[in-house]
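The first residue of the sequence shown is numbered 1, and numbering continues consecutively from there.
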Amino acid sequence: MDATRAPPPSLLFLAASLLAAALGWLIVFAARRPSRRRSARLPPGTTGLPLIGETLRLISAYKTPNPEPFIDDRVARHGTGVFTTHVFGERTVFSADPAFNRLLLAAEGRAVHCSYPSSIATLLGAHSLLLTRGAAHKRLHSLTLTRLGRPASPPLMAHIDRLVLTTMRNWGEPAAATVRLLDEAKKITFNLTVKQLVSIDPGPWTESVRREYVKLIDGFFSIPFPFAHLLPFTTYGQALKARKKVAGALREVIRKRMDEKMENGGAKGEDDEKRDMVEELLDAEGGTFSVEEMVDFCLSLLVAGYETTSVLMTLAVKFLTETPTALSQLKEEHDNIRDIKGKNQPLEWSDYKSMPFTQCVINETLRVANLISGVFRRANTDIHFKEYIIPKGCKIFASFRAVHLNTEHYENARTFDPWRWQSKNKLQSAVGASLFTPFGGGPRLCPGYELARVVVSVFLHHLVTRFSWEEAEEDRIVFFPTTRTLKGYPINLRRRSDSVV
């Protein structure tokens, strides 16, 4: 028998039929069997250009007066509040969905953890409040609440009142003056935060550190080139150099305080009201914080106190100037407080609690301006949301701005309307509270949010009861690298004839 002879056609046909039947069965089985690979899909989107992704499109959008289209267009295109993109070097899921944002904020430390671009992480330091996790974050958050979360403290209220008035008196005694309001607001917030951290009053030291801080913050969303410290002409290189100077200044103060404590035998200060953050850190947990941990922690708190509150102060004034009816009502509220207190009496906690319309103005400024446009998180495990699964390790950005400016949640969402916070509608309900997240939420809720409100309220009180003003030149809001006015909001001030000096 010839071993090389081909099998008969009937046998080939049978074999082919059996193979086709087997493949068909496998296909049907696979189609009917729940497939993790098919169902576990990312939200729709595009990764853009190789390596760069859509980073340049994102930055370009946020450099315009209207950055919303970056998110709005993609939400409309894909028909969902979550979408996938590629920014700052990696694939990222963006969320404009309030339900998913709430899930992310509440799941901190479990399903997700805090994760920011490497430029921010490097400039703030590994031990900053923003970047620490788990037990380390809890203890730092608790310490922050101890020092900055109690604005009802009479000494703190008195210091805020005094600092605001000192800044305003430096505007000069003439009947009229021109100031860049953002610069003046930053002096107030920076000097206040420095005082709370290291008990240093305004002077050459605080001003030299503040100048370096401006450069440091500019580098937050810059491209972290390798060996950037050797490239001082780049924004990131300048930021790294500035960070080194700020850290050095703080390190010197902390080491001096450690030496003083050793000389005093490690005794605690007697007056708890006058203790600052460095003292709290030196005494906390048996003095186990290292110098570098304290430097990173203080540096990050300076960033938080310096940047966001000062911009909130400035934009509140800008929006009020553009809404004369609101400004008139605010003046009436504060003139009434001043009439009751008398001309030269400092504000107290009870006065702050008597400013309901002021709180409406602050809420609306926070909602429209979105000083914190959102937060970055990274998935610790696969996250199921609707028909999507965000895989473990994926970067996620929860956009507060997209929710705050969505007309489905707020009528005329892009219009400054402080009266919307007066009515007892859904804004005061649990649903409204979940939509409004200017200070974040969950375990990472900003510990200084009440202090920020107090500072802005005191500032507005003394501004409207002492001055009238008008814009010195047209200015606009920009959103990159952080939210601010392009020119610092220059205004022409005129002292009110019935004001106190």
Side-chain angles (χ1 to χ4, degrees), residues 47-64 67 70 85-92 94 114-132 182-183 186 190 193 207-251 292-293 295-308 310-311 371-378 395-397 399 477-488:
T47 55
L49 299 171
L51 300 178
I52 298 174
E54 295 192 294
T55 304
L56 297 181
R57 292 179 182 175
L58 176 66
I59 292 175
S60 296
Y62 273 77
K63 283 187 173 182
T64 70
F70 181 85
T85 182
H86 190 286
V87 293
F88 301 114
E90 61 183 306
R91 182 181 63 185
T92 305
F94 268 56
C114 189
S115 179
Y116 283 85
S118 61
S119 54
I120 294 179
T122 300
L123 291 172
L124 287 182
H127 307 293
S128 67
L129 182 62
L130 189 68
L131 299 174
T132 51
L182 182 56
D183 292 344
K186 285 185 174 181
F190 189 81
T193 309
E207 186 57 29
S208 65
V209 172
R210 191 178 73 87
R211 285 196 297 266
E212 297 303 324
Y213 251 87
V214 175
K215 302 173 188 174
L216 187 155
I217 292 171
D218 284 344
F220 275 179
F221 291 99
S222 58
I223 299 175
F225 292 107
F227 308 108
H229 62 286
L230 301 176
L231 304 171
F233 54 86
T234 65
T235 301
Y236 190 62
Q238 292 176 357
L240 287 174
K241 185 177 179 181
R243 197 232 187 252
K244 185 176 181 180
K245 290 182 179 179
V246 173
L250 290 172
R251 193 177 295 112
E292 294 311 309
E293 285 177 318
V295 167
D296 284 359
F297 181 53
C298 290
L299 187 148
S300 64
L301 288 184
L302 272 174
V303 170
Y306 170 70
E307 186 72 11
T308 54
S310 58
V311 176
L371 308 180
I372 305 299
S373 63
V375 293
F376 284 98
R377 296 292 185 262
R378 192 178 297 280
K395 178 73 72 68
I396 309 168
F397 180 73
S399 175
I477 303 173
V478 293
F479 305 95
F480 188 87
T482 56
T483 301
R484 66 197 189 285
T485 60
L486 186 63
K487 301 177 182 177

Pairwise distance [atom1]([X]) to [atom2]([Y]) - rounded to 0.5 angstrom:
X	Y	atom1	atom2	result
Ile52	Leu58	CD1	CG	13.0 Å
Tyr213	Phe190	OH	CZ	6.0 Å
Thr234	Leu240	OG1	CG	7.5 Å
Thr92	Arg378	OG1	CZ	8.0 Å
Leu182	Lys487	CG	NZ	14.0 Å

Inset, instruction - Specify whether Phe94 and Phe397 have parallel, tilted or perpendicular ring planes, treating 30° as the upper limit for parallel and 60° as the lower limit for perpendicular. - result: tilted
Looking at side-chain heavy atoms only, is the closest gap between [X] and [Y] below 4.5 Å?
X	Y	answer
Leu129	Ser300	yes
Phe297	Thr132	no
Phe480	Thr64	no
Lys186	Arg210	yes
Val478	Thr485	no

Looking only at heavy atoms, which two atoms of [X] and [Y] are closest? And how far apart?
X	Y	result
Ala239	Leu216	CB-O, 3.8 Å
Gln238	Lys215	O-CB, 4.4 Å
Phe88	Thr55	N-OG1, 2.8 Å
Ser118	Tyr236	O-OH, 4.2 Å
Leu130	Leu124	CD2-CD1, 3.5 Å
Phe70	Ala61	CB-CB, 3.9 Å

Legend entry - Basic-acidic side-chain contact under 4.0 Å: Arg243, Glu212: no
Inset, instruction - Identify which one of Val303, Leu299, Val295 satisfies the side chain to side chain contact (heavy atoms under 4.5 Å, CB included) criterion when paired with Val246. - result: Leu299
Inset, instruction - Check whether more than 12 heavy atoms from other residues, nucleotides or ligands sit under 6.0 Å from atom NZ of Lys63, and answer yes or no. - result: no
Inset, instruction - Look at atom CZ of Arg251 and say whether more than 12 heavy atoms of other residues, nucleotides or ligands are closer to it than 6.0 Å. - result: yes
Inset, instruction - Measure from the side-chain N and O atoms of Thr122 to the backbone N and O of Ser119, and report whether any donor-acceptor pair falls under 3.5 Å. - result: no
Inset, instruction - Verify, without hydrogens or angle tests, whether Arg484 (side chain) and Thr482 (backbone) share a donor-acceptor contact under 3.5 angstrom. - result: yes
Legend entry - Option passing side chain to side chain donor-acceptor pair (under 3.5 Å) with Thr85 (candidates Arg57, Arg91, Glu54): Glu54
